[in-house]
Each structure stands twice: as C-alpha cells, then as structure tokens.
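To start, the structure under review is shown below, and the notes come after it.
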There are 2 protein chains.
Amino acid sequence: MQNSQSSSKRFLDIIGELQSLISEQKIEYGDRLPSERHLAEKLQVSRTAVREALRSMELLGLIETRRGEGTFLSDFKKHQLVEVLSTFIMQQARSIQDVVDTRMIHERAAITTVTENEELRMLPVWEGMQSRLREGESVFSREDMVRETIVATENRLSLKIWFLLKQYSGVSFDIAIEADEEVAIVHELLDEMMAGNKEKALICYEKWMDQVEGERRETE
Amino acid sequence: MQNSQSSSKRFLDIIGELQSLISEQKIEYGDRLPSERHLAEKLQVSRTAVREALRSMELLGLIETRRGEGTFLSDFKKHQLVEVLSTFIMQQARSIQDVVDTRMIHERAAITTVTENEELRMLPVWEGMQSRLREGESVFSREDMVRETIVATENRLSLKIWFLLKQYSGVSFDIAIEADEEVAIVHELLDEMMAGNKEKALICYEKWMDQVEGERRETE
DNA sequence: TATGCAGGGTGGTCAGACCACTCTGCTGAA
DNA sequence: TTCAGCAGAGTGGTCTGACCACCCTGCATA
C-alpha cells in the first residue's frame, strides 16, 4: 500500500492518521480526542487497532487517557521531537565518538557559561567542591563535578541531553576524583572558572579529559 | 496496587513484566520472545493486553515483530536511553529559552570546531557560501549556513540534535540572508572562520544572532 | 432547593474467531 | 536416493462483540 513495511505495521499508519486528524481538526494540547469507538468507525478499523496505536502514543507521552472521561492530547509539541529522537535511536549507527564529542560540547558550553557569568561564578557550590577536593572526599566524582556545572547554567534541557549522552558513552564517569594529578587539574579548572578565565578553564578541561581518556585506554 | 496511576495503565505493568522476563530468561538482543499467546497465558492476561504492550515497545524500538516468525528483542542497549528520553519528553516543562540556548550551544561548538581545524577551514563549501552571498542568491538561507557548518564537523549526532532543536525553537530560520547588514555579518563570520580566529568568529556569531533576535521581536 | 440515583458515554479487558505469513517435515515423484 | 512440493502447525495481524469500572450529567425525589 505504501512503504516497504507495507501490510505490517498498521498501527503505525493509524498513528499517522491520528496525527493528521489532530492537525486538521486543530485539536490543541489538552483537548479531548474523539472516543476510541468513534475513531475506529472514522478510520474504518477495529477498536482493537485504534487502541494499539493509542497505547503506543500514550507510552511516548503524546496523549493521556482517563477512564470514563476520554483521551486527551498532551501538551507540548512533542510529536516531531519523539519522531526524530526515535529514528535517531533506532537507527543507531551512531559512532561512539559522536556521543562523546557531543557530550563534551555540552560540558564545554557549561564551563564557558559559568566562567563568563559573574553571578554563577559566585555560587557557593564551587567553594564546596574545592574543599571537598582538598579533603579527598571520595564521594566527589567526576560526574558530580560536571553535572553541577551544567546545573549551574540552569539549562535543564542541556542537562537532560548531557545525562543521556553520559549514559550512552559508557565512560566510567561515576568515579571518585582521587589521583593527585587529577585533583590538581580539577582544582585548577575550578580556579580558572572562578577567576573568569574562559580560555584557561577550557584548556584545563581538555587536559582533564585527555587524562581521563588515557586512563580509560589503559584499563582496556 | 502500586503507584499513583494504579488500576489504569495495565499495559505499563505488562511492559515491566516483560522486561523482567527478558532479564530473567537472559534473552539476548536478536533472540525471540515467547509468542503472544504464550505470554498471555504466562502473565495471566488476555492476548489483547499483551499486544498493546508489545506495540508500545515496538514503537520505542525495543522489539521487532515479524509476522509468521515471532517477536524479537531489538539489538542495542536502547532501554535506559528510551527511559530517559521518555521521562524527558513526558515531563516537558521545557522553557523555549532552553531550547534556543541549547541550539546555540551546538552552533557555537560547530563554529569553534571548524575554525580550529585547518582541514575543515579549507573545505570548498565556505568559498561557495561567500560567492553565493555576494551574488545575493536568495536560496542561501540562515539554515543553510548553520547546517553546513555542523555538517562540516562530521558529528552527525550533534547535527540531529540541532535539527531537532531548530524545529522546536520555532524560529523563522528558513529565511534568505538578504538584508545588507546581515550579509555583511555573515560574510565577516565566514572570513573569521577561514582565518582561524575563533574568538572573533564567535563574536560575529553572537552579533548575528542578536540581529536575528531583534528582527524576530519586531515582527511580533 | 438540595440530595441522590440512574443512564449514557468513556476507557479497560477479555474470549474467540479468522486471515496472512513463515517454517518444517512428510510425501511422492524423478 | 534425492529433491520438489504440499500440508500442517505456529506466529503475528485484525476483527467482533461482550462485559466491567469509572465519570459525568440530568432528572426525580425528599
């Protein structure tokens, strides 16, 4: 009938038709969709098929169902988002290097943002980190350091993406900063950040990451 | 029974049980799952319910179904990823500003990468852009300019994320670079990039974005 | 006027049936 | 003996019709 998968994947077609219907009828986020029975009749398929499509959409957060009330379009325009993300995820074919590179893009951006913003530089969290470093608290991990920096930027989207990439890249990130050398580098990084030296802070970051990378290779 | 949604969302429970079953029985990626009928019997639910769960998982790319053969566990370690993604997507709570900021993070990173890499700076695409700018070709849009820069970095993941964010941010990006002022800025940006002046290139970029932002506000 | 109940609509679930497809193993012909 | 071809079992895909649990509304009753 249409693309490669053709006969199979009817529920994907139904999802597509639902999306069309939503845009045609200008259904806004929070509005109610037609009932399952009406949809089945309108699309000329069984209620079973409609439900399979709806459940999938629900799992993706596109819709929300309330028994006795109906099915509602979730707010936000997540549709394309989900679509792109899922194709990206499903295709995989992603070289691990891209994931690492992209993760570092977000990390560098956070360092830059903090370093260039005086208010952010004065946050108590940095002092806390340095004292924890000095005292050699093993609870202070690489992940903590980077995460707090991104948190400080207050860009929660970047934080989410970073978190996701971190899991993906499979790097042993949840490791305490203990080795003297590493402690020194991170200390320097923090110093430069708090001093507002963007270039130097970034250089420290690169040094740090190089070291982490070297360590990873050794353990292979 | 369990969390807030309780009675509703049975299919979510089923998904959970399936995941348990998969890990218990050590089903590897590519292996076949028990048939829908067997699962229904094992989990003591109807085949309908099992199917709704399976279709959801299929849409997420966790499994793959082949008529006449069975249901197979997809490869890749998508599970956590999808989990993170869905919570991220479902929660929304995303301010549009975060989206714009994050998009710019990727754009700045691409400019930086190109500017710092001599090989990338020598790509013919930049010359082409400048001549197109000079000749005032309206086919040359803001989107083209930025996209090509990210393409040049060869980080396809970053490109995907950028593309996604661009769609989201709702900025009129598919606009030709025509105004004299804008042409001049982009020209300068390209010049600085090709000269390898990272700082100046980034300053140009900020100038450009400020102008685009100002323009957007005017048309509101 | 205010309370409470009944009915209709909605999603949630189920059993059972049939179809289309794939694989396997048996049967019969070469 | 070998191999082509067919039949059957098993699988996902779809549909029907039914019942349940729940929510809302409006009407009847106190």
Side-chain angles (χ1 to χ4, degrees), chain A residues 1-18 21-22 25 27-74 90, chain B residues 1-18 21-22 25 27 29-75 90:
Chain A
M1 193 165 280
Q2 71 284 355
N3 52 15
S4 55
Q5 302 291 352
S6 68
S7 60
S8 229
K9 315 301 154 85
R10 168 88 129 257
F11 81 102
L12 286 181
D13 296 345
I14 295 181
I15 291 180
E17 297 199 54
L18 285 176
L21 187 141
I22 286 169
Q25 305 209 350
I27 297 176
E28 303 284 329
Y29 309 108
D31 291 353
R32 229 198 68 185
L33 268 63
S35 76
E36 297 180 349
R37 290 169 177 85
H38 287 160
L39 284 173
E41 194 179 359
K42 191 184 189 81
L43 302 181
Q44 286 291 296
V45 294
S46 71
R47 201 182 143 210
T48 309
V50 170
R51 277 186 61 82
E52 287 188 0
L54 287 176
R55 288 300 76 68
S56 301
M57 292 174 72
E58 183 175 2
L59 186 61
L60 283 182
L62 303 184
I63 58 172
E64 193 179 329
T65 56
R66 295 199 280 274
R67 177 190 295 208
E69 294 180 65
T71 305
F72 301 83
L73 192 59
S74 299
M90 291 176 192
Chain B
M1 193 163 285
Q2 72 287 354
N3 52 15
S4 55
Q5 303 290 352
S6 70
S7 61
S8 234
K9 317 299 154 88
R10 168 86 128 260
F11 80 102
L12 286 180
D13 296 344
I14 296 180
I15 291 180
E17 297 199 56
L18 286 176
L21 186 142
I22 287 169
Q25 305 209 350
I27 298 176
Y29 309 109
D31 290 353
R32 228 197 68 184
L33 268 62
S35 75
E36 297 180 350
R37 289 169 177 84
H38 286 161
L39 285 173
E41 194 179 0
K42 190 183 191 76
L43 303 181
Q44 285 292 294
V45 294
S46 71
R47 199 180 146 211
T48 310
V50 170
R51 277 186 61 81
E52 288 187 0
L54 288 176
R55 289 299 75 68
S56 301
M57 292 175 70
E58 182 174 4
L59 188 60
L60 282 181
L62 302 184
I63 58 171
E64 192 179 330
T65 57
R66 295 200 281 273
R67 178 190 295 208
E69 295 181 64
T71 305
F72 301 82
L73 193 59
S74 301
D75 49 6
M90 289 175 193

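Chain letters run A, B, ... following the sequence lines, proteins first and then strands; every chain starts at 1.
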Report yes if a side-chain nitrogen or oxygen of A:R55 is closer than 4.0 Å to either non-bridging phosphate oxygen (OP1 or OP2) of C:dG12; otherwise report no.
yes
Contact class for B:T48 (heavy atom, under 4.0 Å): base, sugar-phosphate, or nothing?
base
Expressed in angstrom and rounded to an integer, what is the separation of A:M57 atom CE from C:dG11 atom C1'?
16 Å
With A:R55 as partner, the option from A:M57, A:R51, A:E52 fulfilling side-chain contact (heavy atoms from CB on, under 4.5 Å) is A:R51
Hey, is the side chain of A:S35 poking within less than 4.0 Å of OP1 or OP2 on C:dT10, counting only N and O atoms?
yes
Given D:dT14, C:dG11, C:dT13, the nucleotide with the shortest approach to the side chain of B:S46
C:dT13
Using whole Å, what does the distance between atom C1' of nucleotide C:dC21 and atom CD of B:E36 come to?
14 Å
To the nearest Å, how far apart are A:E41 CD and D:dC15 C1'?
15 Å
Provide, to the nearest angstrom, the distance between the CZ atom belonging to A:R67 and the P atom belonging to C:dG11.
11 Å
Please figure out whether B:R37 or B:A49 has its closest DNA chain C nucleotide nearer the 5' end.
B:A49
Using whole Å, report how far CG of B:L43 lies from P of C:dC14.
11 Å
Identified side-chain contact (heavy atoms from CB on, under 4.5 Å) partner of A:P34 from the options A:L39, A:L43, A:T71:
A:L39
Judged by each residue's nearest nucleotide on DNA chain D, which is more toward the 5′ side, B:L33 or A:Q44?
B:L33
Just how far is it from atom NZ of B:K42 to atom CD of B:E17, taken to the nearest 0.5 Å?
10.5 Å
For A:T71 and B:E69, find the nucleotide of DNA chain C closest to each by heavy atoms; which residue's nucleotide sits nearer the 5' end?
A:T71
Look at the side-chain N and O atoms of A:R66 and state whether any lies under 4.0 Å from the OP1 or OP2 oxygen of D:dC23.
no
Once you round it to whole Å, what is the distance between C1' of C:dT10 and CD1 of A:I63?
14 Å
Rounded to the Å, how far apart are B:R51 CZ and C:dG16 P?
18 Å
Comparing A:E52 and A:R47 on DNA chain D - which has the more 5′ nearest nucleotide
A:E52
Answer yes when B:E64 and B:R66 have at least one side-chain N-carboxylate O distance shorter than 4.0 Å, and no when they do not.
yes
Are A:R32 and C:dT10 close enough that a side-chain N or O sits under 4.0 Å from OP1 or OP2?
yes
In whole Å, I'd like the distance from the CD atom of A:E58 to the C1' atom of C:dG11.
10 Å
With side chain to side chain contact (heavy atoms under 4.5 Å, CB included) as the criterion, how do A:L54 and A:I14 come out once you've worked through the C-alpha distance, each side chain's angles and the decisive distance to 0.1 Å?
CA-CA 9 Å; A:L54 287 176; A:I14 295 181; over 6 Å; no
